[in-house]
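We name chains A, B, ... by the order of the sequence lines, and we start the count at 1 in each one.
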Amino acid sequence: MEAARDEAIARGDLTIPHASELPAVRIERPARAEHGDFATNAAMQLAPMAGMAPMRIAAALVAAVHLPEAMASAEVAPPGFINLRLEPGWVADQVAEMLDAGSAYGRVPVLRPRSVNVEFVSANPTGPLTLGNARGAFVGDLLCRVLEAVGHRVTREYYFNDFNAQVRNLGLSVLARRKDEPIPEDGYHGAYVADLAANLPDETWAAATAPGADPGEVLGRWASERVRAGIEESLQRLGVRFDVWTSEGSLYRERWVDRAIEQLRTAGDVYEKDGATWFRSSRLGDDKDRVVYRSNGQPTYFASDIGYLAQKFSRGFDELIYLWGEDHHGTVARNRAAAQALGFDPQSVHWLLMAWVRFVRDGTEIGMSKRAGEFVTLDELLAEIGPDAARWFFGSRATTTGIDFDIELAKRQSNENPVYYVQYAHARCRSILRNATDRGVEPSTEQARDLLRHPAEQALIRELLRLPDVISDAAARRETHEVPKYCLEVANLFSQFYRDCRVLTDDPDEGRFSAARLALVDAVRLVLANSLGTLGISAPETM
RNA sequence: GCGCCGGUAGCUCAGUGGAUAGAGCGUUGGCCUCCGGAGCCAAAGGCCGCAGGUUCGAAUCCUGUCCGGCGCGCCA
C-alpha cells in the first residue's frame, strides 16, 4: 500500500506538498465482514496534507496498487476506506499450510527472543494459597505460556519470605497450638495451624524447646517450609509450576542486599538521616526517599527488593516481569528508581499490576484473611469448579479489570462455562476424524482450493488464519484474555460450518467434498488444541 | 487531601482514534430423518457515569466532575 502511495505520487495522481512526513500505512481487520478481510484508513490520513478528498485519494491508491496473489480485490468505501479482500482459493490453500506447521502453527517467533524472568504468586508461606492468590497464579502461568509461544525463554520464579515477623508469628502460633495455649494476637488461627502442630516431628520440637532456643524462629522455619511445600503441591494441581523458588533470606546470606546498597551509596544515592539509611528514590521519580535500613539496623522489605533486583539481573535476564496485586502499586516507583540507580535499563523491568478480586457469596463480600483463618483455599476452589473452568475464568479478563467472583455463581455456571463449548468443539472434531477413519476416508488438501468455497468454510478458515496474530498480540501486550475470546470465535464458526457443510456422507454428490472438509476439520482441531494449549487448558478427545 | 486503576446490555466482561459498540451467561420464541443437541437460528435488551474540549471521525485522547476499588509507614 505504501508502494501504491508512492506510485500514485509519482504518477501525479496524488500531490503531497513539500515532502511532508508520511504516516505509516496501517492495516486493520474490519469488524464487519462486508468491509473485507483487511482495511486501511491511509487515504483519510493523507487527506489533510494532500488537500484532496479522501475518496479521490483512495481511488488513486487503488488504481496504483499491485495486489499480491493472496488478494482478490481492493475497493474504495466511503468516507475513504480501502477494503481488501483475500482470494478464496488462497484462503482454502492455507489449510494445508496450517496442517504442515502442526503444533507450531500459531507460534510465530519474535525477531529477538529474550530471556525473561516472570515472578508471580510469591505469597508468604504462612498458610495455604487462597482464592486471593488464584488470579496471580493463573494470570502468571498464562503469561509465561504466551511468552514461550513466541519464542522467549521464560523462567518462572516464586519469591517468599522465610525469616520475617509473619513467619515468626506462624511459629509462635504452632507453639501455642502444641501447648494448647491461646493463639497470640498477631498469630494465625486457621485449622491448618493445628495440623502443623499435630505433625511436628519430635526432633524439631526438641530443637524448639531446647534451652536457649528461640521457639518462634525454629518452629517458624519448620512450619513455613512445610507450608511452602504444600503451596508447591497446590500449584502443581493447578498446572502451575515454578522453575526457581527464591527465599528472602538467601538474598542476605549471599549478600545481595548489602552489596547492592553499598553500590547505591558509592553512587551517592544513599544517605543517613534520623539514624536510618535512606535511598534517594525521589531523584528518580518517586514521591519521596525511602528507608532501606531502619534506625534499629534492620533492613526494610524494600531493601530486600533492591538486593533481589541485583540478584536477578546478575543471572543474565534480558527482562524482568513482576506480577503484583494492585495493592502494591505504591511500591513500583521506588523499585523502578532502584533498578535505574543500580544501572539497569528501566525499560527491561516491568511491574504488571492485577486489579483486586472481590470475592462474594450470593451478593455479600467474603474476606480472605489468613491470619483470622477465614478464607477459601485454592484447593477448595479447584474441587468445586475444576482447573479448566478456573483458568478460563481468570484468563478471560484483562488484568486491570476488577473482578467480582461469586463462588456460588461460579459453581452454578461451571456447567455452562464457555470453556466447555470450546472443548466440545474440539471433541466433535476428534469424533468426526475417528468416524472418517472407520469409513476409510482420508483428509486431503489436494483439491481444497476448488472445494472449500462455501461461505461457512471460508469464514472458518479466515478465522483460523488469525491464530498467529492473536498469540503474538497477547505476548506483545502481556495480556492473555484475547485468546479465550478467539477460541470461542473459532468454536462458533466451526458449529456453523458443521451445520451447513456435511463432512461424512453416503451421498455421492456431496461425498466429493469429504476429504477436503476433513482436512479443514483437522485444521480446526489443530487450532483449538494449540490455543487451548497456550491457555494450559485440556483439549479432550471425548466429553 | 494526593496518587494509581476502574465505571460499556439484567449479570460477568471484551473493545490497541475509524464504518451500524460486541461476547458469554440470563430472558423470550423457534429447530432433533442425518457426521456428538454441552448444539443451531431469531428476538428483546445501551444518554459507553456526567460535562466540556481536541479531531474529518471519540467508548477510546485531553480537562473537569461524580461514584467504586486500592495505595499514600523506619509494615509486608
Subject >> Nearest listed nucleotide, side chain of A:Tyr301, among B:A14, B:A19, B:A76 >> reply: B:A76
Subject >> Nearest-Å distance once atom C1' is located in both B:U8 and B:G49 >> reply: 10 Å
Subject >> Ring-face cation of A:Arg502 near A:Phe513 (centre distance under 6.0 Å, axis angle within 45°) >> reply: no
**OP:** Choose from B:U20, B:C35, B:A19 the nucleotide whose nearest atom is closest to any side-chain atom of A:Glu34.
**Re:** B:U20
Original post:
Pick the nucleotide of RNA chain B nearest each of A:Ile432 and A:Ala39; which residue has the one closer to the 5' end?
Top reply: A:Ala39
Listed pairs, N/O of protein and of nucleotides 57-60 of chain B, under 3.5 Å:
none

**OP:** Any chance you could lay out the salt bridge (Lys or Arg N to Asp or Glu O under 4.0 Å) test for A:Lys312 and A:Glu157, step after step, and finish with the verdict?
**Re:** CA-CA 10 Å; A:Lys312 277 183 179 167; A:Glu157 185 139 338; 5.3 Å; no
Original post:
How are the rings of A:Tyr308 and A:Tyr322 set relative to one another: parallel (under 30°), tilted (30 to 60°) or perpendicular (over 60°)?
Top reply: perpendicular
Original post:
With respect to the phosphate group of B:G69, does any side-chain polar atom (N or O) of A:Arg358 fall under 4.0 Å of OP1 or OP2?
Top reply: no
**OP:** Determine, using ring centers only, whether A:Tyr158 and A:Phe120 are less than 6.0 Å apart.
**Re:** no
**OP:** Looking at every strand, decide which applies to A:Thr277 at a 4.0 Å heavy-atom threshold: base, sugar-phosphate, or nothing.
**Re:** nothing
Original post:
Touch check for A:Glu541, heavy atoms < 4.0 angstrom, all strands: base, sugar-phosphate only, or nothing?
Top reply: base
Subject >> Distance test, side-chain N/O of A:Asn492 to OP1/OP2 of B:C40, below 4.0 Å >> reply: yes
**OP:** Have a look at A:Tyr498 and say if it touches a base, only the backbone sugar-phosphate, or nothing, with a 4.0 Å heavy-atom cut-off.
**Re:** base
Original post:
What is the nucleic acid contact for A:Gln298, judged by heavy atoms within less than 4.0 Å: base, sugar-phosphate only, or nothing?
Top reply: nothing
Original post:
With centres under 5.5 Å and planes under 30° as the test, does A:His481 stack with B:A14?
Top reply: no
Original post:
Roughly, in whole Å, what's the span from CD in A:Gln423 to P in B:G39?
Top reply: 13 Å
**OP:** Determine: side-chain N/O of A:Tyr486 to OP1/OP2 of B:A23, distance under 4.0 Å, yes or no.
**Re:** no
Original post:
What interatomic distance, in whole Å, is found between P of B:A42 and the corresponding atom of B:G22?
Top reply: 14 Å
Original post:
Would you say the side chain of A:Ser295 and the base of B:C74 hold a donor-acceptor pair, judged only by whether the two atoms sit under 3.5 Å apart?
Top reply: yes
**OP:** Please state whether the phosphate of B:C35, meaning OP1 or OP2, lies under 4.0 angstrom from any side-chain nitrogen or oxygen of A:Ser431.
**Re:** no
Original post:
Nearest to the side chain of A:Ala398 - B:C40, B:A76, B:A14?
Top reply: B:A14
**OP:** Indicate, with a heavy-atom threshold strictly under 4.0 Å, whether A:Thr542 touches base, sugar-phosphate, or nothing.
**Re:** base
Original post:
Hey, does A:Arg290 reach any base, or is it just sugar-phosphate, or nothing, if we go heavy atoms under 4.0 Å?
Top reply: nothing
**OP:** Measure from CG on A:Asp507 to P on B:C35 and round the result to the nearest Å.
**Re:** 15 Å
Original post:
Between B:A76 atom P and A:His328 atom NE2, what is the distance in whole Å?
Top reply: 11 Å
Original post:
With respect to the side chain of A:Arg32, which nucleotide from B:G36, B:C35, B:U20 is positioned closest?
Top reply: B:U20
Set out, line by line, the N/O atom pairs under 3.5 Å between protein and nucleotides 2-5 of chain B.
{"unit_1": "B:G3", "atom_1": "N2", "unit_2": "A:His329", "atom_2": "NE2", "d": "2.6"}
{"unit_1": "B:C5", "atom_1": "O2'", "unit_2": "A:Thr400", "atom_2": "O", "d": "3.0"}

Original post:
Nearest-Å distance, CZ (A:Arg29) to P (B:G22)?
Top reply: 19 Å
Subject >> Listed nucleotide nearest any side-chain atom of A:Met44, set B:C74, B:G18, B:C13 >> reply: B:G18
Original post:
Do the numbers put A:Arg228 on top of the ring of A:Trp245, so that NZ or CZ is under 6.0 Å from the six-membered ring centre and no more than 45° off the axis?
Top reply: yes
Subject >> With sequence neighbours excluded, residues passing side chain to side chain donor-acceptor pair (under 3.5 Å) with A:Asp37 >> reply: A:Arg462
Original post:
Roughly how many Å is it from OH in A:Tyr420 to C1' in B:G37, rounded to a whole number?
Top reply: 18 Å
**OP:** Between B:A14, B:C35, B:C40, spot the one nearest the side chain of A:Arg502, thanks.
**Re:** B:C35
**OP:** Please state whether the base of B:A19 and the side chain of A:Asn83 form at least one donor-acceptor pair under 3.5 Å?
**Re:** yes
**OP:** Indicate whether OP1 or OP2 belonging to B:C40 is found under 4.0 Å from a side-chain N or O atom of A:Tyr421.
**Re:** yes
Original post:
For B:G17, does either OP1 or OP2 sit under 4.0 Å from a side-chain N or O belonging to A:Gln45?
Top reply: no
Original post:
Hey, mind stepping through A:Tyr252 and A:Asp258 against side chain to side chain donor-acceptor pair (under 3.5 Å) and telling me if it holds?
Top reply: CA-CA 8 Å; A:Tyr252 290 90; A:Asp258 62 332; over 6 Å; no
Original post:
For A:Val490 and A:Tyr486, what are the C-alpha separation, side-chain angles and deciding distance, and is it a side chain to side chain contact (heavy atoms under 4.5 Å, CB included)?
Top reply: CA-CA 6 Å; A:Val490 171; A:Tyr486 172 73; 3.5 Å; yes
Subject >> Side chain A:Arg391, main chain A:Leu535, donor-acceptor under 3.5 Å >> reply: yes
Subject >> Pair assignment for B:A58, Watson-Crick or G-U wobble, requiring both distances under 3.5 Å >> reply: none
Original post:
Expressed in angstrom and rounded to an integer, what is the separation of A:Phe394 atom CZ from B:C13 atom C1'?
Top reply: 14 Å
Original post:
In Watson-Crick or G-U wobble terms, both distances under 3.5 Å, what is the partner of B:C4?
Top reply: B:G69
**OP:** Using the P atoms only, state how far B:G29 lies from B:C47, rounded to an integer number of Å.
**Re:** 25 Å
Original post:
Distance check: side-chain N/O of A:Arg477 vs OP1/OP2 of B:G15, anything under 4.0 Å?
Top reply: yes
Subject >> Presence of A:Asn296 side-chain N/O under 4.0 Å of B:C74 phosphate oxygens OP1/OP2 >> reply: no
**OP:** To the nearest Å, give me how far apart CZ (A:Arg466) and C1' (B:A14) are.
**Re:** 12 Å
Original post:
Going through the checks in order, is the side chain to side chain donor-acceptor pair (under 3.5 Å) test met by A:Glu248 and A:Ser304?
Top reply: CA-CA 7 Å; A:Glu248 187 179 12; A:Ser304 305; 2.5 Å; yes
**OP:** Mind checking A:Ala47 for me? I need base, sugar-phosphate or nothing, with any heavy atom below 4.0 Å counting as a touch.
**Re:** nothing
Original post:
Pick one for B:C61: is it syn, with its angle within 90° of 0, or anti?
Top reply: anti
Subject >> B:C2 and B:U27, which share atom name C1', separated by this distance in whole Å >> reply: 46 Å
Subject >> Touch class at under 4.0 angstrom, heavy-atom based, for A:Cys501 against every strand present >> reply: base
Original post:
Rounded to the Å, how far apart are A:Lys288 NZ and B:C72 C1'?
Top reply: 6 Å
**OP:** Determine which nucleotide pairs with B:C50, using a 3.5 Å limit on both distances of a Watson-Crick or G-U wobble pair.
**Re:** B:G64
**OP:** For nucleotides B:A51 and B:C66, find the distance between their P atoms and express it as a whole number of Å.
**Re:** 15 Å
Original post:
Can you tell me the Watson-Crick or wobble partner of B:A23, both distances under 3.5 angstrom?
Top reply: B:U12
Original post:
For A:Phe81 and A:Lys273, take the nucleotide of RNA chain B holding the closest heavy atom to each; which residue's nucleotide lies nearer the 5' end?
Top reply: A:Phe81
Original post:
Looking at the side chain of A:Tyr424, which of B:G37, B:A76, B:C35 is the nearest nucleotide?
Top reply: B:G37
